[in-house]
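A quick write-up on the structure given underneath.
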Protein chains: 2
Amino acid sequence: MNDTSPRRSKCDQIVEAACKLFLESGYETTSMDAIATEANVSKRTVYSYFENKEVLFGAIMKSMCDNTGCTHPDTLDPNLSLKEALKEFARNMVGLTQTPEQRDVFRVVLAEGIKFPELGKTFWDSGPELAKQILAAYLTEQISRGVLAIEDPEVAAMQFIGMVKWPHSMPELFGIKGNTTPADRQRALDQAISIFTEGTRAKS
Amino acid sequence: MNDTSPRRSKCDQIVEAACKLFLESGYETTSMDAIATEANVSKRTVYSYFENKEVLFGAIMKSMCDNTGCTHPDTLDPNLSLKEALKEFARNMVGLTQTPEQRDVFRVVLAEGIKFPELGKTFWDSGPELAKQILAAYLTEQISRGVLAIEDPEVAAMQFIGMVKWPHSMPELFGIKGNTTPADRQRALDQAISIFTEGTRAKS
DNA sequence: TATCATATACTACACCGTGTAGTATAGTAT
DNA sequence: ATACTATACTACACGGTGTAGTATATGATA
């Protein structure tokens with residue numbers, strides 16, 4: 001009767017509440033009572049859908065990890081110029097990982113990595129590793145065409161990703177509120193791409 | 001009587017034990033009883049040195065953050081070549097942040113960042129920010145000498161750091177045990193420096 | 001079609017065992 | 001006298017369970 005949103009299944013309500021609270025406060029600090037309350041559901045109902053707290057947490061986090069990767073286009077556009085293709089890729093990557101939700105997933109996965117080791121692998125494979133594979137494939141292609149000259153394209157892919165992500169994802173992760181404008185980020189991105197392409201271009 | 005090491009002050013014993021346990025298990029999971037036991041000290045003694053758990057945790061983490069930065073040389077060696085100076089800097093940086101202890105500090109600061117927001121700032125300022133400042137100063141110098149051409153040296157410093165650190169610090173953070181050898185890391189570092197210097201060198 | 005029976009999903013709430021922050025106290029060593 | 005230990009204790013929160021009772025849907029029966 002008191003459903004805030006109409007016709008949402010109990011399970012969905014629980015998942016949604018658990019997502020919110022776990023991402024906000026992590027595993028230990030979030031209580032099952034709090035989840036039940038937040039979900040407008042009795043505690044018993046929570047336990048009728050999820051065996052225990054660990055199972056609930058694992059299910060929630062795994063699904064969030066899976067949702068991260070799937071929006072990645074699985075190749076770089078071969079019709080664009082090198083710089084444009086990289087820029088598009090970087091923009092996409094930053095866009096995905098820039099959201100507060102993704103930042104929280106990152107943080108929680110890292111934080112609970114000792115208690116839930118398989119979670120780290122799940123996140124890694126569906127996030128950074130996936131992005132690396134996609135970019136490395138593109139770089140390898142460009143190498144074989146003689147456009148680029150790179151010794152180890154897989155490592156180079158990681159280096160590119162680090163270069164693009166580190167400067168603004170790290171401060172955000174630590175709660176440093178930089179006063180960077182979108183224009184700043186745009187220029188930082190252009191600079192990264194400039195350095196990377198100039199630094200890897202095959203010498204003619 | 002049962003002191004493992006001779007003549008260690010009680011306070012030191014407590015600090016050492018708390019360091020170990022907090023880094024291993026984070027804030028919530030570590031109990032004050034466990035700290036007292038690990039320190040070979042009674043619980044009351046812990047409370048005679050530290051007002052409560054939060055204070056103890058804050059003090060421990062702050063001192064660990066401070067200890068991170070201070071081992072950084074505060075300039076890049078101007079007598080070395082560009083590549084050698086950068087390589088030295090990178091090696092030093094990787095060496096500092098590669099230790100298991102530093103990885104754990106990183107992880108815990110991130111994990112407890114919501115409950116202890118000022119901790120993030122402390123860590124940032126004494127770690128990444130400091131490294132950035134040092135590198136940016138060097139880059140600026142090289143720009144003014146006409147060796148390098150970079151639009152924004154501060155951003156470039158962060159990009160260089162991200163490039164060097166991301167490929168091996170991220171997997172490690174997520175518990176991905178790559179089978180990288182020291183030789184692999186050496187080659188990755190060389191490649192990063194090659195890309196960065198080629199990508200930022202002033203066109204003659 | 002109206003009424004009743006049954007099954008199922010859920011709630012509200014008390015309850016248990018356990019773990020933990022923090023305190024109080026009595027005793028011991030120097 | 002001081003610094004510390006050992007230990008018992010308080011107060012409370014949490015994970016998880018058991019239970020009595022309600023709401024709702026479905027289907028059979030008359």
Side-chain angles (χ1 to χ4, degrees), chain A residues 1-62 108 111-112 114-119, chain B residues 1-62 108 111-112 114-116 119:
Chain A
M1 42 182 64
N2 208 1
D3 265 2
T4 358
S5 56
R7 273 295 132 244
R8 220 156 85 267
S9 85
K10 299 289 169 185
C11 189
D12 286 350
Q13 286 170 245
I14 294 166
V15 166
E16 200 172 303
C19 274
K20 185 189 167 201
L21 295 183
F22 278 138
L23 288 192
E24 262 176 28
S25 316
Y27 179 76
E28 293 290 344
T29 315
T30 302
S31 77
M32 293 296 265
D33 290 280
I35 291 171
T37 304
E38 174 77 26
N40 280 314
V41 143
S42 82
K43 194 173 163 184
R44 212 67 182 81
T45 305
V46 176
Y47 277 97
S48 79
Y49 282 100
F50 298 95
E51 196 182 338
N52 56 40
K53 196 184 181 184
E54 286 194 16
V55 167
L56 174 57
F57 181 76
I60 296 282
M61 294 309 293
K62 179 160 174 24
V108 172
E112 312 298 348
I114 296 160
K115 200 179 174 80
F116 301 89
E118 72 291 346
L119 207 60
Chain B
M1 39 182 69
N2 207 3
D3 263 3
T4 1
S5 56
R7 274 295 129 240
R8 223 155 82 265
S9 86
K10 300 289 171 187
C11 190
D12 287 349
Q13 288 171 243
I14 294 165
V15 166
E16 201 172 304
C19 273
K20 185 189 166 201
L21 296 182
F22 278 139
L23 287 192
E24 266 176 24
S25 316
Y27 180 76
E28 293 288 345
T29 316
T30 301
S31 77
M32 294 296 265
D33 289 278
I35 291 171
T37 303
E38 175 78 23
N40 280 316
V41 143
S42 83
K43 197 173 162 184
R44 208 64 184 79
T45 306
V46 176
Y47 277 97
S48 79
Y49 283 99
F50 298 94
E51 196 182 339
N52 58 39
K53 195 183 180 184
E54 285 192 17
V55 167
L56 174 56
F57 180 77
I60 296 282
M61 294 308 293
K62 177 158 174 24
V108 172
E112 312 298 348
I114 297 159
K115 198 178 175 81
F116 300 88
L119 207 58

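Reminder, nothing fancy here: chain letters follow the sequence lines and each chain counts from 1.
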Separation of atom OH in B/Tyr47 from atom C1' in D/dT5, rounded to whole Å: 16 Å
Side-chain donor or acceptor of B/Lys115 paired with backbone N/O of B/Glu54 under 3.5 Å: no
Atom pair CD/CZ of A/Glu28 and A/Phe57 - distance to nearest 0.5 Å: 9.5 Å
Exercise: identify the closest heavy-atom pair between A/Leu119 and A/Lys62: CD1-N, 4.2 Å
DNA chain D contacts among residues 52-61 of chain A, heavy-atom distance under 4.0 Å: A/Asn52, A/Lys53
Sugar-phosphate, base or nothing in reach of B/Thr30, heavy atoms under 4.0 Å: sugar-phosphate
Atom of A/Thr30, atom of A/Leu21 and distance for their closest heavy-atom approach: OG1-O, 3.2 Å
Per-nucleotide protein contact string for nucleotides 6-13 of chain C, where B marks a base within reach and S marks sugar-phosphate only (heavy atoms under 4.0 Å, - for neither): ----SBB-
Side chains of A/Asp33 and A/Lys43 in contact at under 4.5 Å (non-hydrogen atoms): yes
Atom-pair distance (CD on B/Glu28; P on D/dC14), nearest Å: 10 Å
CA sep, side-chain torsions, deciding dist, call: A/Ile35, A/Leu56, side-chain contact (heavy atoms from CB on, under 4.5 Å): CA-CA 11 Å; A/Ile35 291 171; A/Leu56 174 57; 3.9 Å; yes
Sidechain-backbone polar pair: A/Gln13 side chain, A/Val41 backbone, donor-acceptor under 3.5 Å: no
Qualifying ring pair (Phe, Tyr, Trp, His ring centres under 6.0 Å) pairs, either residue in residues 31-50 of chain B, two or more places apart: none
Atom-to-atom span, CG of B/Asp12 to P of D/dA3 - whole angstrom: 17 Å
